[in-house]
There are 2 protein chains.
Amino acid sequence: MLTSSQRQLLRVISESGPLSRTVLAASMGLSKAAMSGIARDLITLGVLHETETVYGQGRPSILLDLHPEGAFFVGISLLEDPAPMVLSDLNGKIIARENMPLSRDPEVIAGLIADALPKLLARRPDAADKLSGLGVALSGFVDEKQANCVQSTLLGWQDVPLAKIIRQKTGIETFIENDAKAVAVSEKLFGSARDIQNFSVVSFGDGVGCAHFIGGKLYRGNHGGAGEIAHCTIEPNGSPCRCGKRGCLDTVASIKAIKEMSKAEGLACTSLTELEEEASVGNAVAIRILHRAGGALGLAIAHLIQFNDPGMILITHVEGNFDGLFGTVVQQAIEANVLPRYAGQTPIRTQRVDSDIWARGAASIAAHNFLIGPNPN
Amino acid sequence: MLTSSQRQLLRVISESGPLSRTVLAASMGLSKAAMSGIARDLITLGVLHETETVYGQGRPSILLDLHPEGAFFVGISLLEDPAPMVLSDLNGKIIARENMPLSRDPEVIAGLIADALPKLLARRPDAADKLSGLGVALSGFVDEKQANCVQSTLLGWQDVPLAKIIRQKTGIETFIENDAKAVAVSEKLFGSARDIQNFSVVSFGDGVGCAHFIGGKLYRGNHGGAGEIAHCTIEPNGSPCRCGKRGCLDTVASIKAIKEMSKAEGLACTSLTELEEEASVGNAVAIRILHRAGGALGLAIAHLIQFNDPGMILITHVEGNFDGLFGTVVQQAIEANVLPRYAGQTPIRTQRVDSDIWARGAASIAAHNFLIGPNPN
DNA sequence: GACAATAAGTTCAGCAAGTGAACAAATCAA
DNA sequence: TTGATTTGTTCACTTGCTGAACTTATTGTC
């Protein structure tokens with residue numbers, strides 16, 4: 001177990017990149033004397049290591065950085081069948097990939113994970129020794145201990161202590177997390193939001209997910225439901241949603257919804273890319289669908305900006321294509337629906353991601369617990 | 001200056017009410033030994049005092065509570081002319097009230113405050129000695145140091161270091177804050193949100209304000225704009241708003257908007273109460289206006305719930321009347337627009353407040369800085 | 001009414017994590 | 001070569017906390 005100062009140091013480095021002991025001391029409000037000891041301990045533990053030497057006036061400074069091979073983590077996504085598994089190092093780099101069959105029975109899942117682990121670890125014998133955590137991403141609500149799945153429609157679960165079950169079967173420290181929240185943690189720890197304290201990730205795919213970082217910490221909400229923008233009413237009296245309401249964002253602005261709308265309108269498109277192509281050659285129906293979907297997503301994001309004033313919005317998309325009409329409409333809708341004085345003040349980044357995104361996010365949940373810990377330090 | 005443990009103790013008591021040393025120690029994760037000293041110091045400082053003795057088995061416990069007369073604070077609202085001023089104690093109780101003329105010149109305001117202070121303090125000579133801070137509530141954006149007004153349309157300000165100016169003139173530690181955020185702090189410190197870590201306050205009056213507490217701390221947003229729900233687009237292609245967009249919440253769901261809509265529709269109502277009366281006797285126009293306004297406010301609050309999953313929504317209203325049709329419609333619109341599984345999960349409290357609310361909020365900003373401090377301890 | 005049982009709060013020696021000042025180390029600039 | 005400069009370490013000392021033993025104030029029981 002790391003001390004609170006050690007964790008703080010790791011957090012600062014993870015936010016700012018490699019830093020010298022003196023700079024670290026200053027930015028943590030500690031003396032150089034204290035810093036010296038903390039750094040020494042972390043280096044001994046193998047978590048930190050000296051990297052570049054920076055020459056200036058006076059004695060050169062030695063930058064400290066996370067030691068990539070200081071710890072390894074496993075991440076598993078329960079969002080697809082087969083379920084992707086990844087092995088990542090302390091820098092979030094993916095070292096190995098595997099797939100395992102999916103099940104809806106927690107005990108079976110734990111068994112399948114235990115079975116698949118040796119193959120994942122086979123290529124890197126040292127990773128097995130330093131395996132420091134396992135993360136699982138799933139669609140549903142997770143408690144703040146990242147141990148129990150409170151509710152998952154997709155998996156048909158209610159109060160399943162999945163982390164404990166997996167931990168018993170594998171012997172590895174396990175944490176679970178909601179899919180969108182896991183992606184947000186991964187962006188904070190290893191991605192493009194490292195140094196941003198307040199931001200939201202919107203994951204655009206078959207569904208629309210969202211998660212907030214506030215004050216440098218994942219904000220889970222009072223019932224774990226923060227960021228569930230998919231079912232906000234975006235088209236009053238719109239189409240019925242499977243949730244029971246009407247006009248939810250999810251009925252218009254997910255890839256699934258776009259495909260369904262295309263089908264309903266008699267288009268033969270089976271992907272967003274195809275629909276974009278149709279629109280680019282002037283297909284009025286395709287253009288209308290993209291406008292409707294993009295306008296809805298943009299409006300929701302504009303609300304997010306007005307409500308929470310984040311420092312960045314990161315839109316991740318798997319199959320999507322944000323360079324075409326859809327992306328343009330989203331951008332325009334955002335700009336048109338935030339307070340004019342705000343417009344352009346909030347950076348919107350879009351990022352194409354591969355299908356590893358959920359497993360990566362899962363691994364970063366384990367990494368986050370190892371580096372920064374669960375507590376509000 | 002208080003230590004971090006002293007501040008933590010004060011925060012726990014402010015959240016939970018009077019507690020014994022032993023309970024405090026347990027809830028702060030400290031030993032009874034440490035607690036003993038911390039409590040002794042705070043009692044010596046006059047901030048804490050022993051109150052009730054609770055008898056059970058064993059030695060009775062002595063509850064510790066904030067000493068109301070341990071410190072006093074001044075709060076001023078720059079939202080009305082004349083500007084209300086209050087003197088409050090450490091429990092948030094209002095001890096004295098005054099008014100002072102309003103100005104738009106920061107230097108003049110500081111002078112007017114300095115002039116008005118003696119009269120406010122006249123009745124309580126001890127308060128003058130223990131005056132520990134001054135807070136100012138205003139409409140506009142305030143930086144996170146609660147020192148500079150970044151932007152205020154109402155006052156015509158841009159980057160005004162108001163806190164410093166007032167402090168120089170009066171010699172009192174001064175903090176400024178946005179009106180809605182000040183009210184949220186006052187509800188957290190002294191009101192009905194004491195023990196709630198995540199909540200939002202929606203202040204319904206001439207305009208619609210909102211502020212969030214997240215993780216027990218005021219969340220200001222990246223540019224200080226968190227909670228600015230007044231200009232979220234709630235009626236796409238709705239009426240033009242003075243902000244330049246269309247269909248903002250502010251154009252439908254503020255008291256000002258309701259009055260304007262009534263006037264435009266030819267009703268002679270000059271207050272929400274009158275409009276409610278018309279509606280109760282079956283005036284179709286009045287009913288329509290109240291439905292439109294209530295539906296809009298409810299939808300915005302539903303979005304707030306979906307986006308942030310707060311533990312409570314507190315609606316404060318000055319002139320408003322939430323027992324009538326308007327309140328009912330708001331409630332219904334909230335329920336109808338949150339994920340059905342969520343419905344009823346988020347407590348909505350409405351609270352009628354007097355016109356002191358802004359000045360009280362301002363005083364609580366000063367109290368918050370005294371008790372808990374500006375730092376994320 | 002005496003006396004155990006119980007729990008609150010205090011005291012005190014000791015420990016862990018920090019500080020400040022002095023110092024050693026490694027470089028650049030003159 | 002020497003001085004200036006800045007990094008990082010060492011060391012004596014302070015601070016805030018802990019654990020254990022103790023004192024204190026009460027209830028319950030015989």
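Here the structure is a predicted model, which is why all the values come from computation and not from measurement. Here is how names work: the chains are called A, B, and so on, in the same order as the sequence lines, proteins then strands, and each is numbered from 1.
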Whether B/Asn91 side chain and B/Pro68 backbone form a donor-acceptor pair below 3.5 Å: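 The answer is no, because no donor-acceptor pair under 3.5 Å joins these two groups.
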Whether A/Ser27 side chain and A/Leu24 backbone form a donor-acceptor pair below 3.5 Å: yes
Position toward the 5' end of DNA chain D (nearest nucleotide), A/Met35 or A/Gly58: A/Gly58
Can you tell which of [options] lies closest to the side chain of [X]?
X       : options                : answer
B/Pro60 : C/dT27, D/dT10, D/dT26 : D/dT26
B/Gln57 : C/dT6, D/dT9, C/dT27   : C/dT6
B/Arg59 : C/dT10, D/dT9, D/dT24  : D/dT24
B/Arg40 : C/dA8, C/dT6, C/dT11   : C/dT11
B/Ala33 : D/dG8, D/dT5, D/dT18   : D/dT18
B/Ala34 : D/dT18, D/dG8, C/dT19  : D/dT18
A/Leu30 : D/dC17, D/dG8, C/dG18  : C/dG18
B/Tyr55 : D/dT27, D/dG8, C/dT11  : D/dT27

Write down the distance between [atom1] ([X]) and [atom2] ([N]), rounded to a whole number of angstrom.
X       : N      : atom1 : atom2 : value
A/Met28 : C/dA17 : CE    : C1'   : 12 Å
B/Arg21 : C/dA7  : CZ    : P     : 19 Å
A/Leu64 : D/dT7  : CG    : P     : 13 Å
A/Lys32 : C/dT19 : NZ    : P     : 13 Å
B/Asp41 : D/dC17 : CG    : P     : 10 Å
B/Glu50 : C/dA8  : CD    : P     : 15 Å
B/Leu19 : C/dA8  : CG    : C1'   : 14 Å
A/Met1  : C/dA17 : CE    : P     : 14 Å

Tell me whether the OP1 or OP2 atom of [N] has a side-chain N or O from [X] closer than 4.0 Å.
X       : N      : value
A/Thr3  : C/dA16 : no
A/Ser36 : D/dT9  : yes
A/Ser5  : C/dA17 : no

CG-NZ distance between A/Leu90 and A/Lys130, expressed to the nearest 0.5 angstrom: 9.5 Å
From CD (B/Glu187) to CE (B/Met312), nearest 0.5 Å: 7.0 Å
Electrostatic pair A/Arg21-A/Glu50, nearest N-O below 4.0 angstrom: yes
Full working for side-chain contact (heavy atoms from CB on, under 4.5 Å) between A/Ser14 and A/Arg194: CA-CA 7 Å; A/Ser14 128; A/Arg194 287 187 188 210; 5.8 Å; no
Sugar-phosphate only, base, or nothing, as touched by A/Ser31 at under 4.0 Å among non-hydrogen atoms: base
Touch class at under 4.0 angstrom, heavy-atom based, for A/Gly37 against every strand present: nothing
